[in-house]
Amino acid sequence: MIFNVLTLFPEMINEAVSHSIMGRGIRSGHISVNCVNIRDFAINKHGQVDDSPYGGGAGMVMMAPPVYDAYKSIVGEGTSPPVIYLSPQGRVLTQKIAEEIAALPEIILLCGHYEGLDERIIEEIVTEEISIGDYVLTGGEPAAIVLMDAVSRLVPGVLGKADSYKDESFSDGLLEYPHYTRPPEFRGRMVPEVLTSGHHSNIEKWRQEQSLARTKVKRPDLIV
């Protein structure tokens, strides 16, 4: 899968994706991250990509032409990958949305900055707006990193085994069951006996019960 990122700060993206699971996915060729620096398409030699808003107000607004030219540097004739604008006004990212995106061969992530983008570029190229939560960031880069992390681990081959994520929180609408590893006793707290029993059907039943109970306590809103 190809992630194209339109950004003013490609170094933020490149550094973040070079580690852990995403870094391994890139090195194995299962995912690719292509950062395009919007400032390379600035309107003048001073690197200008923003201007004061019409109608007045605080802050600066990213101009449409540099963003559009950066976008056109990615798309060719007859090709138009979906463009996702990271915005607090969009749909809130969920596991289901991550799964939908992971099924695509290529996407473009658009990172805003300052007071946001000229509305006309959103109307012109954006397919969908996605938010990572009801709060405001200084730029879209952290949100793009979150989205790529959530999506890339669902791309076949990135985690190695599909079973690595099939039981995770939200995969079946519930929170994930608790995990334990050695030592069997820690400060008086023991590993549940069922997990060391070797009885796989009992272990599966226990995990399902724990998943439901944990969801009822921590996220009752998830239970329909």
Side-chain angles (χ1 to χ4, degrees), residues 1-20 22-23 25-27 29-91 93 101 104-152 155:
M1 182 177 183
I2 302 173
F3 296 96
N4 299 289
V5 187
L6 303 181
T7 173
L8 291 175
F9 300 97
E11 63 277 8
M12 289 180 63
I13 303 293
N14 288 326
E15 173 62 23
V17 303
S18 65
H19 304 285
S20 190
M22 290 191 68
I26 292 171
R27 290 188 290 273
H30 290 97
I31 60 174
S32 174
V33 178
N34 170 40
C35 286
V36 176
N37 191 340
I38 297 170
R39 202 172 294 279
D40 290 342
F41 302 88
I43 65 169
N44 56 37
K45 64 181 181 180
H46 304 294
Q48 184 180 357
V49 295
D50 63 337
D51 210 334
S52 55
Y54 280 121
M60 304 290 279
V61 177
M62 289 180 64
M63 306 168 73
V67 176
Y68 184 75
D69 290 344
Y71 163 76
K72 291 298 289 184
S73 75
I74 296 174
V75 300
E77 293 297 328
T79 64
S80 183
V83 178
I84 296 174
Y85 174 39
L86 286 309
S87 162
Q89 298 185 24
R91 279 199 299 167
L93 180 63
I101 297 173
L104 301 172
E106 182 176 8
I107 61 171
I108 298 173
L109 300 178
L110 174 55
C111 301
H113 221 74
Y114 311 120
E115 288 300 309
L117 301 175
D118 186 309
E119 186 68 20
R120 292 168 294 181
I121 194 63
I122 298 174
E123 295 170 351
E124 183 72 23
I125 70 171
V126 170
T127 308
E128 179 176 12
E129 297 182 46
I130 289 182
S131 168
I132 62 168
D134 294 336
Y135 48 88
V136 179
L137 300 170
T138 56
E141 287 78 15
I145 293 166
V146 168
L147 186 146
M148 286 191 291
D149 189 283
V151 170
S152 63
V155 174

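Between the side chain of Asp118 and the backbone N or O of Met62 there is no donor-acceptor pair closer than 3.5 Å.
Atom OH of Tyr54 is surrounded by 12 or fewer heavy atoms from other residues, nucleotides or ligands within 6.0 Å.
Nearest heavy-atom pair across Ile31 and Ser152 is CD1-CB, 3.7 Å. Residues Val17 and Ile26 come closest through the heavy atom pair O-CD1, 3.5 Å. Between Cys111 and Val5, the shortest heavy-atom distance links the atoms SG-CG1, 3.8 Å. Scanning both residues, Tyr85 and Gly116, for their nearest heavy atoms gives OH-CA, 4.1 Å.
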> Would Ile145 and Ile13 satisfy side-chain contact (heavy atoms from CB on, under 4.5 Å), going step by step from the backbone distance to the final call?
Replying inline: CA-CA 7 Å; Ile145 293 166; Ile13 303 293; 3.8 Å; yes

>> Please evaluate residues Val36 and Asn4 with respect to the criterion side-chain contact (heavy atoms from CB on, under 4.5 Å), reporting the C-alpha separation (whole Å), side-chain torsions for both, the decisive distance (0.1 Å), and the verdict.
In response: CA-CA 7 Å; Val36 176; Asn4 299 289; 5.7 Å; no

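Listed by chain and residue number, His113 satisfy the ring-ring contact (aromatic ring centres under 6.0 Å, His included) test with Phe9 (two or more places apart in sequence, or in another chain). Gln48 meets the side chain to side chain donor-acceptor pair (under 3.5 Å) test with Asn44; sequence neighbours excluded. Here Ser87 pairs with Glu129 under the side chain to side chain donor-acceptor pair (under 3.5 Å) rule; sequence neighbours left out.
Two residues are said to be in side-chain contact when any heavy atoms from C-beta on lie closer than 4.5 Å; Pro81 and Phe3 fail this criterion.
Between Glu123 atom CD and Leu117 atom CG the span is 11.5 Å, to the nearest 0.5 Å.
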